[in-house]
Protein chains: 2
Amino acid sequence: MARKSTAVDPLRLDNQICFAVYSATHAFNRVYKPLLDRLGLTYPQYLVMLVLWERDDVPVKEIGEKLFLDSGTLTPLLKRLEAAHLVRRTRSREDERQVLIALTPQGHALKEKARSVPQSILAASECSVSELVAMKDEIVALRDRLNAVIGE
Amino acid sequence: MARKSTAVDPLRLDNQICFAVYSATHAFNRVYKPLLDRLGLTYPQYLVMLVLWERDDVPVKEIGEKLFLDSGTLTPLLKRLEAAHLVRRTRSREDERQVLIALTPQGHALKEKARSVPQSILAASECSVSELVAMKDEIVALRDRLNAVIGE
DNA sequence: TCACATTTAATTGTTCGCAATTGAATGTGG
DNA sequence: CCACATTCAATTGCGAACAATTAAATGTGA
């Protein structure tokens with residue numbers, strides 16, 4: 001037959017890795033939702049808290065570099081975390097342009113309640129740790145190549 | 001030493017596959033942006049057009065099932081596509097609850113301009129087709145397991 | 001047939017995500 | 001020292017994404 005096989009049609013939705021990644025992001029979000037509701041966090045807020053639990057008193061810029069987000073996203077998000085008494089925002093004294101983000105005691109304490117989250121996600125993925133690590137490394141490598149092209 | 005290795009700390013940002021997927025989604029978006037700007041589409045609008053280029057005159061519900069999106073997202077998006085004269089929205093005569101989405105001639109014609117997009121993405125990924133297909137299949141399988149847990 | 005449940009889109013309100021701009025602080029070259 | 005560029009956060013505006021609700025059409029059982 002003369003028709004092009006749908007299996008290799010480059011415009012077919014099911015053939016697009018970007019849609020696989022896009023829809024997997026939403027699937028993760030839906031699994032995280034009930035877990036993070038108990039912590040009073042959204043998923044992007046949870047990511048910011050992961051950064052802060054690793055290192056505290058960090059400028060907005062640095063959070064943005066780690067999460068690939070800009071101030072247009074982070075400023076209002078951080079204000080909501082401040083309103084929830086999880087972080088404090090203070091101008092740096094050495095460089096008044098920077099705003100430093102520090103955890104409050106409640107912010108630190110929330111880490112303990114968060115410890116069970118990764119395990120629940122692992123269970124939901126029905127996947128071995130080694131498989132997930134391998135996939136993660138492949139996806140990160142792809143992401144970094146894509147990001148490199150943007151800077152070109 | 002007594003400290004837990006950071007390599008296996010489950011709360012470490014870099015160890016989370018969800019963040020790999022989340023950040024890869026944004027990286028894809030940034031690569032798509034200049035390509036889709038030329039078509040006058042956003043990325044979610046492009047996904048809807050992919051669905052319609054495969055099969056036309058489809059109820060909103062069906063688009064939502066294919067893209068894992070609900071009417072709260074699709075209704076305003078489809079109204080914007082209608083305002084751009086790419087689709088028409090008409091109530092089904094057999095079932096007045098359904099709204100059928102059909103391509104306009106301009107909507108059909110846009111497919112030709114879109115044909116170069118997948119190739120540009122492939123180039124940006126700096127990856128062989130077979131590698132991408134393998135990754136895509138893994139990610140889809142993970143997504144489907146996650147979605148299955150949500151319905152539990 | 002009729003009360004009731006279900007299905008389907010639309011609507012409302014909140015939170016991301018980003019482009020573009022603004023304004024203040026800092027750095028740099030002459 | 002001073003004009004100028006750069007850096008950083010905040011702001012504005014728009015388009016998703018989703019929970020929760022609403023309203024209309026359809027389906028179902030007694």
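Letters go in sequence order (proteins before strands), and every chain restarts at 1.
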Within this structure, what is the [atom1]-to-[atom2] distance between [X] and [N], rounded to whole angstrom?
{"X": "A:Leu36", "N": "D:dC18", "atom1": "CG", "atom2": "C1'", "value": "15 Å"}
{"X": "A:Arg97", "N": "D:dT6", "atom1": "CZ", "atom2": "P", "value": "13 Å"}
{"X": "B:Leu78", "N": "D:dA16", "atom1": "CG", "atom2": "C1'", "value": "13 Å"}
{"X": "A:Arg91", "N": "D:dT7", "atom1": "CZ", "atom2": "P", "value": "17 Å"}
{"X": "B:Leu69", "N": "D:dA16", "atom1": "CG", "atom2": "P", "value": "10 Å"}
{"X": "B:Gln98", "N": "D:dA25", "atom1": "CD", "atom2": "C1'", "value": "11 Å"}
{"X": "B:Lys33", "N": "D:dC14", "atom1": "NZ", "atom2": "C1'", "value": "11 Å"}
{"X": "A:Glu62", "N": "D:dA9", "atom1": "CD", "atom2": "P", "value": "10 Å"}

Inset, instruction - Assign each of A:Thr42 and B:Leu100 to its nearest nucleotide of DNA chain C by heavy atoms, then name whichever residue's nucleotide is nearer the 5' end. - result: B:Leu100
Just to be sure I understand the rule, does [X] reach a base, reach only the sugar-phosphate, or reach nothing, if contact means heavy atoms closer than 4.0 Å?
{"X": "A:Leu74", "answer": "nothing"}
{"X": "A:Thr73", "answer": "base"}
{"X": "B:Asp95", "answer": "sugar-phosphate"}

Legend entry - Same apolar cluster: A:Leu122 and B:Leu11, side chain cutoff 4.5 Å: yes
Inset, instruction - Establish, with yes or no, whether the OP1 or OP2 oxygen of D:dA10 is under 4.0 angstrom from a side-chain nitrogen or oxygen of A:Arg89. - result: yes
Inset, instruction - Report yes or no: is there a donor-acceptor pair, N or O only, under 3.5 Å between the side chain of A:Ser71 and the base of D:dA10? - result: yes
Legend entry - Audit row: A:Leu67, A:Thr73, side chain to side chain contact (heavy atoms under 4.5 Å, CB included) steps and yes/no: CA-CA 11 Å; A:Leu67 299 182; A:Thr73 301; over 6 Å; no
Inset, instruction - Let me know, please, whether B:Phe68 or B:Glu94 comes out on the 5' side of the other along DNA chain D by nearest nucleotide. - result: B:Phe68
Inset, instruction - Please figure out whether A:Thr75 or A:Arg30 has its closest DNA chain D nucleotide nearer the 5' end. - result: A:Thr75
Legend entry - Heavy-atom neighbours of B:Gln119 CD exceed 12 at 6.0 Å: no
Inset, instruction - Determine whether more than 12 heavy atoms belonging to other residues, nucleotides or ligands lie under 6.0 Å from atom NE2 of B:His108. - result: yes
Inset, instruction - In sequence, state the C-alpha distance, the side-chain angles, and the governing distance for B:Leu77 and B:Leu69, and then conclude on side chain to side chain contact (heavy atoms under 4.5 Å, CB included). - result: CA-CA 11 Å; B:Leu77 187 157; B:Leu69 297 173; 5.6 Å; no
Inset, instruction - Could you identify which residues of residues 43-61 of chain A place a heavy atom less than 4.0 Å from some atom of DNA chain D, listed by residue number, or say none? - result: A:Pro59, A:Val60, A:Lys61
Legend entry - Nucleotides bounding contact with chain A, strand DNA chain C, heavy-atom threshold 4.0 Å: C:dT15 to C:dT26
Legend entry - Test side-chain contact (heavy atoms from CB on, under 4.5 Å) applied to A:Val51 and A:Asp56, A:Ile63, A:Ile101, the passing residue: A:Ile63
Inset, instruction - Could you tell me whether the side chain of B:Leu74 reaches within less than 4.5 Å of the side chain of B:Val48, counting heavy atoms only? - result: yes
Assign the ring pair [X] / [Y] to parallel, tilted or perpendicular, where the plane angle (0 to 90°) is split at 30° and 60°.
{"X": "A:Tyr46", "Y": "A:Trp53", "value": "perpendicular"}
{"X": "B:Phe19", "Y": "A:Phe68", "value": "parallel"}
{"X": "B:Tyr22", "Y": "A:Tyr43", "value": "perpendicular"}

